[in-house]
Amino acid sequence: MTALDPTARISASPAPPRRRKAAAYLALTKPRIIELLLVTTVPVMFLAQGGAPSLLLIVATLVGGALSAGAANTFNCVYDRDIDAEMHRTSNRPMVTGEITPREGLVFGAVLTVASTVWFALFVNWLSAALSLGAILMYAVGYTMVLKRRTAQNIVWGGAAGCMPVLIGWSAVANSLSWSAVMLFLVIFFWTPPHYWPLSMKFKDDYAAAHVPMLPVVERFVVVARQIVAYSWAMVAASLVLVWVHPMGWLYLVTAVVTGAMFLAEAHRLLRAAKAGEGPKVLRPMRLFHFSITYVGILFLGVALDPLFHLPVG
């Protein structure tokens, strides 16, 4: 292909300014995180319904959830633009590169907040709208502004905002909450530290450079690994308690036991390596990080399928 080939000039040309701007706004919402949050929403709706909910209700809840999570993530990007600039893995975010100004980011976050709240109120229900707004405030204010830079337990309490899609999914169907929803909330609450701390171990130097007191920055890896194991056991216990609270059937029970055992095995592997003082190549914390995503996906798939193929336990 020669330099005069018109297709070469087109493919090499930069994206139009409007498209680049739109892509920058989309990046502020952290789409990958939104995907993970929504993975927990739909299965809970199936469980609350005792079968398949209305397709329109599912779509309405997912749209509202995406808008809500996008708002929270946008406010996070605006407030954390200084420390994002210090960390290699976040240095290309739109607030750091200047593609989006702080004022533009705040306006965008505010628009998404209003849109998500109104959307839930109009097309789902007021309880879901209130929970959505609460989730935005918990993440943008509670975690980002208050906890993240002040305590090594930031992700524990701040992570509660990431559990809200479970409650929103339940309330979207039932227009109320129940102990079943609370147990699923606790599963995600206890899952968050074992999910996030391995990532923090991998990028410990980044967080240290940005002066963010993530637990792996202020404690030895063996201390972090012990806490990961403790939260992992609490997570698995909560997933099994759900069997008696709801109650669930054999499909969910087997799913929870098998995936929980695999999660615990990986968490204990990390602890053994940390106790032995192994380096990053042997420690491989990202193994647990990646498996934690698989775990929550499979577990909540079991939550969705159990009411469709229910076989009572006992």
Check: R93: what forms a salt bridge (Lys or Arg N to Asp or Glu O under 4.0 Å) with it, not counting sequence neighbours?
Finding: D84
Note to self: Could you measure the distance from the CZ atom of R32 to the CG atom of N73? Nearest 0.5 Å is fine.
What the structure shows: 13.5 Å
Item checked: Same apolar cluster (I L V M F W Y, side chains within < 4.5 Å links), I228/I293 -> yes
Item checked: side chain to side chain contact (heavy atoms under 4.5 Å, CB included) between M138 and Y143, intermediate numbers included -> CA-CA 6 Å; M138 288 171 65; Y143 171 68; over 6 Å; no
Check: Distance from T29 atom OG1 to I34 atom CD1, nearest 0.5 Å?
Finding: 4.0 Å
Next item on the list: Evaluate the criterion side chain to side chain contact (heavy atoms under 4.5 Å, CB included) for residue pair V187 and L299; output intermediate values, then yes/no.
Entry: CA-CA 10 Å; V187 170; L299 183 73; 3.8 Å; yes
Check: Just how far is it from atom CD of E219 to atom CE of M201, taken to the nearest 0.5 Å?
Finding: 12.0 Å
Checklist line | Polar side-chain atom of S68 near backbone of G65 as donor-acceptor pair, under 3.5 Å | finding: no
Next item on the list: Linking directly or through intermediates, with side-chain heavy atoms under 4.5 Å: list the remaining ILVMFWY members grouped with V78, chain and number order.
Entry: Y25, L28, L55, V59, V63, L67, F75, M95, I100, L106, F108, L112, V114, V118, W119, L122, F123, I136
Next item on the list: Determine the minimum heavy-atom distance between S132 and S116, stating which atoms define it.
Entry: OG-OG, 3.9 Å
Notebook entry, point to check: Between S171 and I168, is there a donor-acceptor pair closer than 3.5 Å when you use the side chain of the first and the backbone of the second?
Noted result: yes
Item checked: Close side-chain approach of S232 to H268, heavy-atom, < 4.5 Å -> no
Note to self: Side chains of L311 and L251, heavy atoms from C-beta outward: is any pair under 4.5 Å?
What the structure shows: no
Margin query: According to a hydrophobic-cluster definition based on side-chain heavy atoms being under 4.5 Å apart (Ile, Leu, Val, Met, Phe, Trp, Tyr only), do L242 and V39 belong together?
Written below: no
Next item on the list: Taking all heavy atoms of T61 and all of F120, pick out the closest pair and write down the distance.
Entry: O-CZ, 3.8 Å
Margin query: With a 4.5 Å cut-off on side-chain heavy-atom distances among I, L, V, M, F, W and Y, is there a chain of contacts connecting L131 to L57?
Written below: yes
Note to self: Ring-plane angle category for Y231 and F190, please: parallel below 30°, perpendicular beyond 60°, tilted otherwise.
What the structure shows: tilted
Next item on the list: Give a yes or no on whether the backbone of E99 and the side-chain of K21 come within a donor-acceptor separation of less than 3.5 Å.
Entry: yes
Next item on the list: Please report the closest heavy-atom contact between A256 and S239, naming both atoms and the distance.
Entry: CB-OG, 4.1 Å
Note to self: Before you tell me yes or no, could you show the steps for V156 and W197 under side chain to side chain contact (heavy atoms under 4.5 Å, CB included), namely the whole-Å CA-CA distance, both residues' side-chain angles and the distance that decides it to 0.1 Å?
What the structure shows: CA-CA 10 Å; V156 176; W197 279 337; 3.8 Å; yes
Item checked: Co-members of the apolar cluster containing W126 [side chain, <4.5 Å] -> none
Notebook entry, point to check: Between atom CG of L215 and atom NZ of K204, what is the distance when rounded to the nearest 0.5 Å?
Noted result: 10.5 Å
Notebook entry, point to check: Are I298 and L253 grouped together when hydrophobic residues (ILVMFWY) are joined by side-chain heavy atoms under 4.5 angstrom apart?
Noted result: no
Next item on the list: Flag the pair F289 / P285 as yes when at least one side-chain heavy-atom distance between them is below 4.5 Å, and no otherwise.
Entry: no
Notebook entry, point to check: If two hydrophobic side chains count as joined below 4.5 Å and joins carry through other members, does V258 share a cluster with F291?
Noted result: yes
Notebook entry, point to check: Which atom pair, heavy atoms only, marks the closest approach of M45 to G169?
Noted result: CG-O, 3.3 Å
Check: For the residue pair G50 and P307, what are the closest heavy atoms and their distance?
Finding: C-CB, 3.8 Å
Check: Looking only at atom types and distance, does a side-chain atom of T97 sit under 3.5 Å from a main-chain N or O of N92, one as donor and one as acceptor?
Finding: no
Note to self: Looking only at side-chain N and O atoms, does Q153 offer a donor or acceptor that is under 3.5 Å from a partner on T151?
What the structure shows: no
Notebook entry, point to check: With no hydrogens and no angle check, is any side-chain donor or acceptor of D306 less than 3.5 Å from a backbone partner on Y252?
Noted result: yes
Check: Between E266 and R269, is the closest basic N to carboxylate O distance under 4.0 Å?
Finding: yes
Notebook entry, point to check: So do V107 and E104 actually touch side chain to side chain, heavy atoms under 4.5 Å?
Noted result: no
Notebook entry, point to check: Are K148 and Y79 in a cation-pi setup, meaning NZ or CZ lies under 6.0 angstrom from the ring centre and within 45 degrees of the ring axis?
Noted result: no
Notebook entry, point to check: Shortest non-hydrogen contact from L271 to V222?
Noted result: CD1-O, 4.0 Å
Note to self: I want to check something: taking the side chain as every heavy atom from C-beta on, are L264 and W233 in contact at a cut-off of under 4.5 Å?
What the structure shows: yes
Next item on the list: Check whether any side-chain heavy atom of D80 lies under 4.5 Å from a side-chain heavy atom of R149, and answer yes or no.
Entry: yes
Note to self: Within this structure, what is the CZ-CG distance for the pair F221 and L270, rounded to the nearest 0.5 Å?
What the structure shows: 9.0 Å
Note to self: In the structure I gave you, are the side-chain heavy atoms of F185 and T40 within less than 4.5 Å of one another anywhere?
What the structure shows: no
Check: Using the benzene-type ring in the case of Trp, are the ring centres of W191 and Y295 under 6.0 Å apart?
Finding: no
Next item on the list: Would you indicate whether the side-chain heavy atoms of W170 and L167 approach each other to under 4.5 Å?
Entry: no
Next item on the list: Run the numbers on V296 and I188 for side chain to side chain contact (heavy atoms under 4.5 Å, CB included), then give the verdict.
Entry: CA-CA 8 Å; V296 80; I188 300 300; 3.5 Å; yes
Checklist line | M286 side, atom CE; H290 side, atom NE2 - distance, nearest 0.5 Å | finding: 4.0 Å
